[in-house]
Amino acid sequence: MALWGGRFSGVQKKELIEFTESVSFDKRFYRHDIAGSKAHVEMLASCRIIPPKTASAIKAELDRIQKRIEGGKFEFKSELEDIHMHIESEIIRALGDEGARLHTARSRNDQVNLDTRLYLRDETAKILAGIANLQKALVFQAEKNSGAIMPGYTHLQHAQPILFAHHLLAYVEMFNRDTTRLQDCLKRINVMTLGSGAIAGTTLPIDRKKTAAALSFPAISANSMDAVADRDFECEFLACLAIFAMHVSRLSEDIVLWMSKEFSFVELADAFCTGSSLMPQKKNPDVAELARGKTGRMYGNLMAILTICKGLPMSYNRDLQEDKEPLFDSIDTVLKILSVFPPMIATMEARKDRMLAAANNPELMATDLAEELVRNGMPFRKAHERTGSLVKWCNANRTPLDKISFEDMKRIIPEADKSLLNIFDPAKSISKREIAGGTGPRQVRSQTNSWKRKLQDKLQRA
Ligand code: ARG
């Protein structure tokens, strides 16, 4: 029998029950629902709204329910709709009228909001630890391959030589922004909404700050209508995950390219690849491809929540129950990605010989040549044009840039001196880029060390 038996009668039809239930997915809130109920009854007792003995009995029963759920001995049935009703019904079944005091000054509207916040707090901690691990794997590779030189690309065309470590650390920076974005989002998740009731609070003299303190919330919500209607924190959280996934997807795309025959810059461990059922020679980077594909789903989840909320009149509407599956799906997906990416990255083999061979294209140093002319006093636009003409001449005469004779060079760049013939070495090019944020070896080493320290601290604290 549903808990609103006083107002409704008759047996709900099976199809209706199946349509409205959420316990099949929101049962994952059980720990948070129980923690919230324990804090709630403690507060009710301390405000003399329920007897202390009742609060103790309810808390003990909540602990027993938690044990039963964790031991697989608790039965979930769609008739009881959601996790909140399952737990409350069980309390009433065990404690009778005393149990019927649990839902005093509370509604499922504020309860579900609180549970979601408690749950997201826990999941955020897991995700942050996972991101730090992923960064650690990237930093490990940056250190292991600190001298590896590769071509840097823009438009997927050879641009300038860079250190492989610099490329990897670019992702460490992106993942750092993802971390700080989630930490910022956590501030808005971390608000205690219980006590908002169904919409307008309660006439009973509750102390919401007490509940907040018991559940380690630094703040309570200021408007009961806003509190039960608000899912901004979920939109924001899913946006954070979508941006993180976008970064993972770009890294995946790089890995897929690097794994191709044409690049052959890295080799992934067999454990992270699969073969083809048809082509015996194949070794496919499926993990990276799947992460790239799953990113699409995670954008979909963000769109789902935004769309669910956009047309809702104030305040709570049942539509909001639809927030959970996209939310859970994105969290599960991110945690799955974070369980396979760190070991995949850590075991990746960089093929430095292949990278260097690709970087040994003198055209990658064309900018260096122009900048050398600038160093000798020429305005940059003019130097750019002169160098462009040189590249054009070399292409037309099928002469690699570094094989041009000084006489030919002099004809195209009258200001040239012989030192220009010696700049076509990618290692030299990189060593000249020691500006802050540049790909110079000292810069990159100091970035690598600084990340190593920061991540060590973070992972120790986690
Ligand atoms: N299962 C519901 C949800 O997820 C809980 C709140 C239900 N409130 C209500 N008045 N029916 O949103």
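Each ligand, and each atom within it, is numbered from 1 in the order the structure gives. Quick caveat: nothing in here was measured; it's all calculated off a predicted structure.
Residue E81 places no N or O, backbone or side chain, under 3.5 Å from any N or O of ligand 1. In terms of polar-atom proximity, K324 is counted as a contact of ligand 1, with an N or O under 3.5 Å from an N or O of the ligand. For a threshold of 3.5 Å applied to N or O pairs, the pair formed by N109 and ligand 1 contains at least one separation below that value.
In this structure, Y119 and F328 have perpendicular ring planes: the angle between them is above 60°, well past the 30° mark. Aromatic ring pairs are classed by plane angle as parallel below 30°, tilted from 30° to 60° and perpendicular above 60°; the pair F175 and H247 is perpendicular.
The only member of R68, K38, R31 that meets salt bridge (charged side-chain N to carboxylate O under 4.0 Å, His left out) when paired with D63 is K38.
From the protein, the heavy atom lying nearest to atom 11 (N) of ligand 1 is R108 NH2, 3.4 Å. When only non-hydrogen protein atoms are considered, atom 3 (C) of ligand 1 lies nearest to Y316 OH, 3.3 Å. Protein heavy atom nearest atom 5 (C) of ligand 1, with residue, atom name and distance: D82 OD2, 3.5 Å. Ranking protein heavy atoms by distance to atom 1 (N) of ligand 1, first place goes to Q321 OE1, 2.8 Å.
In this structure, a donor-acceptor pair under 3.5 Å is absent between the side chains of T20 and R318.
In this structure, R354 places its CZ atom where more than 12 heavy-atom neighbours from other residues, nucleotides or ligands lie under 6.0 Å away.
Less than 4.0 angstrom separates some heavy atom of S22 from each of these atoms of ligand 1: 1 (N).
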